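Written below as structure tokens is the structure these notes are about.
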2 protein chains.
Amino acid sequence: MHDERLVTRVAYQYYIQNLTQSQIAKNLNIGRSTISRLLTQARQQHIVSININTADAGLLELEAQLKAQYHLRNVDLIDSTHSDLDLALAKEAAQYLKQIIKPNNLVGLSWGASLALMVGQLDHPKAANATFVPLVGGPSAANAKYHVNTIVYDLAKKFMGNSVFINATAVQESRYLRDGIMNAKYFQELARDWAHLDIALVGIGGPLNHKTTSRWRDLLTPEDQAMLKEQRAIGDCCCTFYDANGKLLAPDLQKRTIAISLDTLKRTPIRIAVARSKEKVPAIKALLKMGVVNTLITDNETANQLLH
Amino acid sequence: MHDERLVTRVAYQYYIQNLTQSQIAKNLNIGRSTISRLLTQARQQHIVSININTADAGLLELEAQLKAQYHLRNVDLIDSTHSDLDLALAKEAAQYLKQIIKPNNLVGLSWGASLALMVGQLDHPKAANATFVPLVGGPSAANAKYHVNTIVYDLAKKFMGNSVFINATAVQESRYLRDGIMNAKYFQELARDWAHLDIALVGIGGPLNHKTTSRWRDLLTPEDQAMLKEQRAIGDCCCTFYDANGKLLAPDLQKRTIAISLDTLKRTPIRIAVARSKEKVPAIKALLKMGVVNTLITDNETANQLLH
DNA sequence: ATCACACTTGCACAAATGTTCAACGAAATT
DNA sequence: AATTTCGTTGAACATTTGTGCAAGTGTGAT
């Protein structure tokens with residue numbers, strides 16, 4: 001342990017005057033290695049303190065905590081005080097995707113309002129020559145604007161890449177119909193893609209009774225809905241429902257669903273969820289615990305609630 | 001110029017989470033060079049601030065200012081709140097000397113209370129095998145304790161080195177006497193040493209009328225004193241008097257003085273002055289402006305007054 | 001005094017960081 | 001539209017920093 005006076009002196013010359021360690025060593029007639037060690041000591045003993053002075057520095061702290069608590073690869077937060085939160089979130093997701101996408105990547109997408117919004121927010125995308133594939137079947141109505149195919153197609157266009165379409169709704173009337181579709185040669189290719197994704201980008205569905213219940217859920221029969229309610233579903237990801245403990249629900253419904261399975265999804269290296277709101281907190285939390293996604297883009301309010 | 005959001009993010013990972021630049025680059029999918037640049041930007045824009053939390057961090061700031069203002073090689077300050085300031089100063093000077101002295105150095109010393117005190121404060125000196133020489137003649141009375149020779153001898157003993165004595169008082173009765181002495185072969189050797197010093201350690205004398213007028217000044221004749229007063233002497237270094245503008249005074253007295261000349265002194269690479277007190281401020285200031293010394297050891301009160 | 005131990009130092013190497021340069025791409029100008 | 005200009009980027013190189021190791025130094029016990 002060294003003289004505090006000396007430590008301070010060294011820290012001052014290094015951090016305030018920006019001298020190199022060699023210069024300081026010459027000044028003080030001490031070996032350079034010692035300077036290096038004195039500086040580590042200065043940091044350990046908090047003789048020097050380093051602060052970050054920005055409004056959103058707190059966000060980063062939150063990100064780190066969340067990342068640690070759920071063992072995530074990454075967390076990206078936006079400030080909850082934005083006027084249009086959903087828009088801001090979409091923009092952030094767009095930037096994030098742009099940042100991590102690499103040439104020839106295979107990118108899978110589910111859908112939902114967040115993802116649809118995202119596409120529009122993508123500015124100056126780079127030519128990645130990536131391939132974009134849907135992870136779930138389409139919604140009931142042929143509402144082009146929110147159709148998975150539209151999302152995938154627009155995204156591919158912006159990135160100068162290719163896209164693959166999906167020609168079926170997410171939920172079929174019977175498991176036989178569903179199996180039939182999935183056994184088609186074209187679907188087999190899609191399934192193969194699902195197993196080799198580089199990046200997956202998914203939304204998270206909240207509880208069934210929530211007002212803004214998303215468009216596609218009209219595909220569920222009243223029986224499905226009853227069943228899910230009974231089993232305490234708190235949300236879905238890629239049309240797979242689960243409860244607060246991460247238990248997958250409604251196996252019968254599952255078998256009528258055309259979508260990537262959560263297990264397959266888990267094989268993707270980068271699995272990003274984009275979701276926010278108080279209502280979705282339990283759904284997000286369960287999904288994180290299950291390890292289905294390893295990257296989360298949300299706002300700080302949601303993040304705060306996820307910490308407990 | 002980059003996105004502040006990104007800069008903050010990078011700064012956080014680097015300074016708070018202690019990741020390396022390469023790791024951050026991988027996280028954010030950015031080239032490492034860019035991270036380096038972002039960090040410089042973060043510092044420039046004060047997005048990160050680095051503080052030093054020590055009582056005497058302010059001293060260092062003062063030191064830096066003083067150093068800049070007078071173009072000094074180094075400044076070493078002690079805290080003015082010490083109970084015995086002169087003792088503390090002596091101790092600091094001792095440590096400083098110990099720190100910078102190198103094997104076989106040739107070290108010159110003037111005298112004064114500060115330097116005398118210093119010798120006693122030198123603990124655990126290293127064997128430097130240095131040579132110590134007086135820069136000025138002795139005082140009038142044969143007060144062994146404060147004699148230059150004593151200082152030089154004691155110091156040499158502590159450093160396991162050699163010392164050279166001086167066998168004359170600082171001021172002679174006539175220039176002829178003085179010239180005679182200085183022409184002696186032994187003095188010629190001393191003079192040669194003066195021209196090749198590695199380190200010079202000097203005190204600074206304050207104004208004449210000051211109460212604690214130092215011991216040696218009884219060598220001055222009443223005429224000398226009158227002359228100096230008339231020419232507005234504010235202090236001396238190595239028995240050479242000067243005024244506030246750095247003009248050397250009393251050439252007649254000079255010619256009767258046995259001491260290194262300030263010009264010769266200036267040829268020494270490391271020239272340290274040890275002095276403090278309100279009264280000596282003008283003397284110190286003038287000496288610094290003249291460039292006679294390039295290293296100053298004092299207390300922060302004196303330092304503050306020197307800044308204006 | 002001698003030994004043993006803990007602790008510090010400097011050297012040499014490994015890792016991390018800063019910087020130059022050439023190529024690229026976006027805006028602005030013709 | 002073609003061309004110029006400006007600013008950004010990554011790769012390679014130069015510099016700076018961190019660290020394991022062996023040698024040195026002081027301290028305390030025997």
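In what follows, every heavy atom counts, from backbone to side chain, and hydrogens, waters and symmetry copies are set aside. All values derive from a computational prediction rather than experimental measurement.
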Under the side-chain hydrogen bond (donor to acceptor under 3.5 Å, both in side chains) test, residues paired with Q21(A) that sit two or more places apart: R32(A)
Sorted by number, the residues of residues 5-13 of chain A with heavy-atom contact under 4.0 Å to DNA chain D: none
For R43(B), all residues meeting side chain to side chain contact (heavy atoms under 4.5 Å, CB included), sequence neighbours excluded: Y15(B), L39(B), T40(B), V48(B)
Length of the OH-C1' vector between Y15(A) and dT16(D), whole Å: 13 Å
R271(B): partners by side-chain hydrogen bond (donor to acceptor under 3.5 Å, both in side chains), with sequence neighbours left out: none
For atom CD of Q41(A) and atom C1' of dT9(C), their distance in whole Å: 15 Å
Partner residues of V7(A) under the side chain to side chain contact (heavy atoms under 4.5 Å, CB included) criterion, sequence neighbours left out: H2(A), L38(A), Q41(A), A42(A), I47(A)
Distance in angstrom units between I24(A) CD1 and dG18(D) P, rounded: 11 Å
With sequence neighbours excluded, residues passing salt bridge (charged side-chain N to carboxylate O under 4.0 Å, His left out) with D76(B): R5(A), R9(A)
Annotated protein contacts, base or backbone, on nucleotides 12-25 of chain C with a non-hydrogen cut-off under 4.0 Å, one of B, S, - each: B---SBBBB-----
Any residue meeting side chain to side chain contact (heavy atoms under 4.5 Å, CB included) with S33(B), in chain and number order, not counting sequence neighbours: R37(B)
Which residues share a side chain to side chain contact (heavy atoms under 4.5 Å, CB included) with A90(A), sequence neighbours left out: L117(A), M118(A), Q121(A)
